[in-house]
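What follows is a short report on a single structure.
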Amino acid sequence: GLSMGSGFIIDQAGYIVTNNHVIDGADEIDIILSDGAVLAAKVVGADEDVDLALLKVESPAPLTAVPWANSDQAEVGQWVVALGTPFGLGGTVTQGIVSAVYRNTGSGSAYDRYLQTDASINRGNSGGPMFDMAGNVIGINNAIFSPTGGSVGIGFAIPAEVAAPIVEKLRAGQAIDRGYLGVR
């Protein structure tokens with residue numbers, strides 16, 4: 001089967017961040033750039049617990065990268081824009097506000113802390129960037145709460161301060177080690 005998602009370039013050398021669930025189990029991964037160019041990607045590393053993956057493409061020309069925001073400064077009510085390819089339509093921008101910071105979704109996973117937004121996020125937006133108004137990536141679009149399957153205005157993004165250090169470890173080829181308490 002064919003899976004689609006979104007991602008963003010964090011280094012002009014061709015490193016791309018997306019959600020792990022977008023590429024999990026893939027035999028081949030193709031990246032379609034905004035100008036329509038198609039590049040084959042390989043997986044540098046992935047972290048299932050936080051649902052992140054780091055990909056690498058070889059590009060003849062340097063790629064345009066986007067910077068991380070300082071997401072621990074995120075405030076409820078601040079404007080954000082979400083980018084992605086909902087339903088495979090192609091590049092789509094939606095806007096909204098940060099509805100909650102550090103939202104716990106009750107998933108019980110090690111990293112259950114999300115930025116919540118009312119910017120429309122749909123299937124295919126997964127792995128795409130959520131930008132602050134300065135054009136920095138404040139979060140990575142990850143999931144929606146939806147009784148209908150469509151966007152009802154409750155979307156979740158992995159905060160940049162959670163994602164960025166994990167991405168750097170994946171790039172360096174380091175294992176992601178976690179301590180935990182066996183307490184519920």
Side-chain angles (χ1 to χ4, degrees), residues 1-10 16-26 32 34 46-55 66-167 170 176 178 180 184:
L2 197 61
S3 165
M4 274 193 105
S6 305
F8 56 98
I9 300 163
I10 56 157
I16 295 172
V17 174
T18 186
N19 285 151
N20 180 62
H21 78 257
V22 170
I23 58 100
D24 198 25
I32 304 169
S34 54
D47 182 352
E48 279 181 45
D49 291 344
V50 186
D51 197 17
L52 288 174
L54 181 64
L55 311 178
V66 291
W68 293 106
N70 188 354
S71 68
D72 58 9
Q73 311 265 305
E75 294 183 339
V76 171
Q78 84 175 72
W79 288 95
V80 289
V81 291
L83 267 71
T85 53
F87 306 111
L89 287 172
T92 299
V93 182
T94 56
Q95 56 87 31
I97 58 168
V98 172
S99 307
V101 292
Y102 300 132
R103 174 67 77 207
N104 185 305
T105 62
S107 71
S109 68
Y111 281 82
D112 189 16
R113 288 190 1 220
Y114 295 92
L115 293 173
Q116 183 182 322
T117 182
D118 65 346
S120 183
I121 295 173
N122 282 293
R123 286 170 62 125
N125 277 108
S126 286
M130 187 166 81
F131 288 105
D132 64 16
M133 289 293 102
N136 302 317
V137 177
I138 198 167
I140 301 171
N141 304 325
N142 184 244
I144 59 173
F145 173 79
S146 174
T148 62
S151 173
V152 294
I154 301 176
F156 301 106
I158 303 164
E161 88 249 21
V162 171
I166 291 169
V167 166
L170 293 174
I176 311 289
R178 302 199 161 86
Y180 65 94
R184 283 189 79 84

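Nothing here was measured: the structure is a model prediction, and the numbers come from that model. Heavy-atom basis, side chains included; hydrogens, waters and symmetry copies ignored. When a residue number appears, it is its place in the shown sequence, counting from 1.
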On a heavy-atom basis, which atom in I158 and which in A163 lie closest, and how many Å separate them?
CG2-CB, 4.2 Å

Check Y114 against P159 and note the closest heavy-atom contact, atom names and distance.
CA-CD, 4.2 Å

With distance as the sole test, does N19 use its side chain to make a donor-acceptor pair with the main-chain N or O of G127 at under 3.5 Å?
yes

Any pair with a residue in residues 152-164 that passes salt bridge (charged side-chain N to carboxylate O under 4.0 Å, His left out), sequence neighbours left out, goes on the list, sorted by first then second residue, please.
R113-E161

Please answer whether the main-chain N or O of A160 pairs with a side-chain N or O of S71 as donor and acceptor at a distance below 3.5 Å.
yes

What is the distance from atom CG of L54 to atom CD1 of I166, rounded to the nearest 0.5 Å?
12.0 Å

How many angstroms lie between atom CG of N141 and atom CD1 of I121, to the nearest 0.5 angstrom?
4.0 Å

Does some side-chain heavy atom of V137 sit less than 4.5 Å from a side-chain heavy atom of F131?
yes

Residue pair L115 / F156, side-chain heavy-atom distance below 4.5 Å:
no

Taking S6 for its side chain and T85 for its backbone only, find out whether a donor-acceptor pair lies under 3.5 Å.
yes

If I take atom CD from residue Q73 and atom CG from residue D132, how far apart are they, to the nearest 0.5 angstrom?
10.5 Å

For the atom pair CG (D72) and CD1 (I138), what is the distance rounded to the nearest 0.5 Å?
9.5 Å

Acceptor/donor pairs from residues 87-100 side chains to any protein atom, 3.5 angstrom cut, sequence neighbours excluded:
| from | atom 1 | to | atom 2 | distance (Å) |
| --- | --- | --- | --- | --- |
| T92 | OG1 | G90 | O | 2.9 |
| T94 | OG1 | S120 | O | 2.8 |
| S99 | OG | D118 | N | 3.3 |

Give, for atom CD1 of I32 and atom CE of M4, the distance between the pair rounded to the nearest 0.5 Å.
5.0 Å

Minimum side-chain heavy-atom gap L52-N20 below 4.5 Å:
no

Looking at CH2 of W68 and CD1 of I10, how far apart are the two atoms once the value is rounded to the nearest 0.5 Å?
6.0 Å

